[in-house]
Amino acid sequence: MKRETELEAIKNYPDHYFEVQGRTLESRLSDVEIGSEQEIETIKTSSKEAGREAGREMINSIPVVSLVSKAAFVFMDWNKKLDANLEDVKKQMLLEAYFNKSDNHEKAIENLKEAMTDVYGNALINKIFRMLSDYPPDGDWFTHLRTALEKICESKNFEKLFDTHKFNLGLIEKMSPQALSIIVDANNWPEFQFSFSGMSIGGKVTDQFQFPFATTYAQKKGIKEAIKVERIVHIVNDLQNGGFIECNERQGQYFKLRLTNMGKSLFEYLTDAKYY
């Protein structure tokens with residue numbers, strides 16, 4: 001099977017691919033178990049001969065590959081090949097998503113070619129490829145990386161903008177897909193109300209606001225599970241500590257989250273929208 005055809009089959013029929021590879025793994029593990037029984041007898045015989053010729057120390061020096069070691073190698077070797085195929089599929093799907101998002105496929109292909117044949121552009125794109133490893137090729141993470149790829153290819157000036165792109169990619173890599181999605185959704189953050197008992201500095205509140213915002217935001221998004229609300233609280237804490245958001249006090253005990261300059265920069269990198 002040609003490489004291109006193989007990757008296309010994996011992309012279109014992932015369940016079937018994993019089923020087939022699972023049977024391959026079972027077969028290889030079965031060979032290990034059968035082989036180990038035969039080798040145990042060989043090892044016993046060799047040990048007796050060695051003992052008669054060189055004594056007990058020689059027996060202890062005979063290298064024996066255990067069943068556990070063989071099974072571990074099978075899993076490692078099997079997963080290495082599986083992972084290599086999946087990584088290539090993810091890269092292909094990311095590039096396809098990039099092309100499909102563009103209204104002009106020829107221009108998108110030309111932009112990608114220009115980026116990949118530039119030493120700085122190539123380094124940035126391969127950075128994105130490596131970042132694909134942590135998640136399946138779908139969902140928010142995939143969308144954010146596709147957007148980053150668009151920004152790189154369309155911005156040109158790869159050497160001049162290299163540090164800017166590398167900095168933003170570094171921020172993206174350190175954050176969860178959920179945190180990035182909340183930043184991208186900044187224009188839709190709701191005002192929220194709670195009884196604030198602390199002190200504000202210049203109209204900015206530094207604590208007590210995380211849970212009230214999370215509950216209001218979750219309600220707006222139709223999120224009801226308590227564990228998911230807790231995750232939003234955790235994300236908001238991380239975004240505040242990272243310097244991406246701040247909470248501003250409004251009249252009547254109403255409050256509003258705002259992006260900091262750092263947050264705005266990341267928002268603009270991950271969207272085509274303007275922050276207001």
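Sequential numbering from 1 along the given sequence is applied to the chain's residues. As the structure is a prediction and not an experimental result, all values here were calculated from the model.
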Do other residues, nucleotides or ligands put more than 12 heavy atoms under 6.0 Å from [X] [atom1]?
| X | atom1 | result |
| --- | --- | --- |
| Lys220 | NZ | yes |
| Phe142 | CZ | yes |
| Met262 | CE | no |
| Phe99 | CZ | yes |
| Glu114 | CD | yes |
| Phe75 | CZ | no |

Is any side-chain heavy atom of Ile152 less than 4.5 Å from a side-chain heavy atom of Leu169?
->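 Counting from C-beta outward, Ile152 and Leu169 do come under 4.5 Å.
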Given 3.5 Å as the limit, does a donor-acceptor pair link the side chain of [X] with the main chain of [Y], or not?
| X | Y | answer |
| --- | --- | --- |
| Asn157 | Lys160 | no |
| Lys151 | Glu268 | yes |
| Ser27 | Arg23 | no |

Over 60° means perpendicular and under 30° means parallel, so classify the ring planes of Phe213 and Phe192, tilted if in between.
->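 Rings of Phe192 and Phe213: perpendicular, over 60°.
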Distance (rounded to the nearest 0.5 Å) between [X] [atom1] and [Y] [atom2]:
| X | Y | atom1 | atom2 | answer |
| --- | --- | --- | --- | --- |
| Ile235 | Lys228 | CD1 | NZ | 11.5 Å |
| Glu26 | Trp78 | CD | CH2 | 10.0 Å |
| Asn187 | Thr271 | CG | OG1 | 7.5 Å |
| Glu87 | Ser133 | CD | OG | 3.5 Å |
| Lys91 | Ile125 | NZ | CD1 | 12.0 Å |

Side chains of [X] and [Y] only: does a donor on one sit below 3.5 Å from an acceptor on the other?
| X | Y | value |
| --- | --- | --- |
| Asn126 | Asn122 | yes |
| Lys221 | Asn188 | no |
| His234 | Asp238 | yes |
| Gln210 | Gln240 | yes |
| His165 | Tyr120 | no |

What are the two closest non-hydrogen atoms of Gly263 and Ile183, and how far apart are they?
->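 It is O-CG2, 4.2 Å.
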Candidate pair Asp185 and Tyr217, rule side chain to side chain donor-acceptor pair (under 3.5 Å), full reasoning = CA-CA 11 Å; Asp185 198 38; Tyr217 184 69; 2.6 Å; yes
Would you please test Phe209 and Phe194 for ring pair (Phe, Tyr, Trp, His ring centres under 6.0 Å) and show each step?
-> CA-CA 8 Å; Phe209 68 86; Phe194 73 104; 7.6 Å; no
